[in-house]
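From a predicted model like this one, the values you see are computed outputs, not experimental measurements. Order of appearance sets the numbers: ligands from 1, and atoms from 1 within every ligand. For the numbers below, each heavy atom of this structure counts, side chains included, while hydrogens, waters and symmetry mates do not.
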Amino acid sequence: MDYLPVCFQLKEQPVLLVGGGVIATRKARLLHRAGAQLHVLAPLITDELVSMAGGVGKLEYETWDERSLAGFRAVIAATPDRAVNASVSARAQAQNIPVNVVDDPALCSFIIPAIVDRNPLLVGISSSGASPVLARRLRSDIESRYPSSYGDVARFMGEQREQVALILSEEDQRRQFWERLLDDTEIIATLLRGERESADGIFQSTLDSAASIAEKDPSLRGAVYLIGAGPGDPDLMTFKALRLLQRADVVLYDRLVGPGILEMARRDAQRIYVGKQRSEHAMPQADINTALLRLAKEGKRVARLKGGDPFIFGRGGEEIAELLAEGVDFEVVPGITAASGAACYAGIPLTHRDYAQSVRFITGHTKDHRLDLPWDQFLNPTETLVFYMGLAGLHIISQALIDHGRSPETPIAVVEKATLPNQRVITATLASINQRVAEEKPEAPTLLIIGDVVRLHSELNWYSPSA
Ligand code: SAH
């Protein structure tokens, strides 16, 4: 981060504005809305500025005179003269007073973001000076999505905080309560329509039920969300995956879950890496199951993030079996499995009217360098084969398919890091793939796609990775 966004309390605080023209007036509007006491220094001052600074503030019809800035909470320079602005900035910085020079990030110690004002709800969007136009574009997107009455929703919640704190004594309980309330689209809609009385009714009944749950059995509140996070590109998560991830107090993730996905968890959520690379099992499966159980019983909401889909080579079944036996609440969220992600982003349809009428997902995970699979079932030339965990055993897979009668000319693709910015697709035939892989040295995770559909890759390859 180039800057830390913060919210500045300026109510009744003296702020110096050097400059009295149109640009200064624009900045002054924000300061005025934040309740600042405006002190304007400029030879000419617009009428609007005069009226904003009038009363509590001060107007000085002078040019900048290198004066001391002691006593000011912040200083804004908005004159057309860069030398003057630079001098104001230098003086303020020497006195450790936050200073902003309009449209001149190099002279600023703080910058002001584009603001969506749904007071008390405020959204600031900054491009760190890189592209104010982009920031403003985002602002209008947000403005059009969240009507101005969102401020009423925030105000309503603010007014209820004390009551909630009295009734729900623990922080976890309170957070869960608020989240449950926000999931209730009815109360939000009611508030947005301004129907305060009905909103009060819904609020009270939600609070009563939260209070009675908290009283009965605090341990009942924990839950596990077994979430399929997709093959890597964070945009391939489902809405439900995102919603539950953002609700979680603890996130357990393994190697297949990309950093972009973890970033979407709550900032204060605890993150636990549970590994799972070939031969590097950071936490054995049994320990993962036990950890899920223990955390949920402590009342935590636990997101177990899995790459792809939890029920496709994901041991999702094992992880929930114990939760089920112990009566812990859980939800399972399906995800886009690596086969779908890789096929799509490599331009290789898994089925196709001319080439393949079926597709088979197979684990290529070797045990003691052996692969015990029913090879004679994999010989149908109109069936696409997808091998997960197949790179280490690629030579065994390609040889066994040829030995059992699949043509050595059958096309095969090795899709490395599918859907990620550094995706690579290596194509060859069963006979030549080992040589190609030795040359290209793809790294995990990789997926093997075998069958005539691979021929379509050269034609349909639409995704151009950026890295
Ligand atoms: N549950 C997961 C699969 C877990 S098994 C899913 O549904 O996708 C792990 C294997 O998945 C890896 O060895 C690799 O073969 C495949 N895989 C997962 N993510 C991948 C990716 N981004 N690119 C290529 N293969 C991937």
Using the ring of each side chain (for Trp, its six-membered ring), is F203 parallel, tilted or perpendicular to F156, with breaks at 30° and 60°?
perpendicular

Look at the rings of F378 and W375 and say which category their plane angle falls in: under 30° parallel, 30 to 60° tilted, over 60° perpendicular.
perpendicular

Which donor-acceptor pairs under 3.5 Å do the side chains of residues 342-350 make with protein atoms, sequence neighbours left out?
from : atom 1 : to   : atom 2 : distance (Å)
Y345 : OH     : D233 : OD2    : 3.0

Any idea how F8 and F110 line up, ring-wise: parallel (<30°), tilted (30 to 60°), or perpendicular (>60°)?
perpendicular

Proximity of Y225 and F330 rings by center, below 6.0 Å
no

List ligand 1's nitrogen or oxygen atoms that come under 3.5 Å of a protein nitrogen or oxygen, with the partner atom and distance.
from     : atom 1 : to   : atom 2 : distance (Å)
ligand 1 : 1 (N)  : G307 : O      : 3.0
ligand 1 : 1 (N)  : D309 : O      : 2.9
ligand 1 : 1 (N)  : I312 : O      : 2.7
ligand 1 : 7 (O)  : D309 : N      : 2.8
ligand 1 : 7 (O)  : D309 : O      : 3.4
ligand 1 : 7 (O)  : T337 : OG1    : 2.6
ligand 1 : 8 (O)  : T337 : OG1    : 3.3
ligand 1 : 8 (O)  : A338 : N      : 2.8
ligand 1 : 13 (O) : M389 : N      : 3.3
ligand 1 : 15 (O) : M389 : N      : 2.8
ligand 1 : 15 (O) : T446 : O      : 2.6
ligand 1 : 22 (N) : P231 : O      : 2.8
ligand 1 : 22 (N) : A418 : N      : 3.4
ligand 1 : 22 (N) : A418 : O      : 3.1
ligand 1 : 23 (N) : A418 : N      : 2.9

Flag for S432-T429: side-chain donor and acceptor within less than 3.5 Å
yes

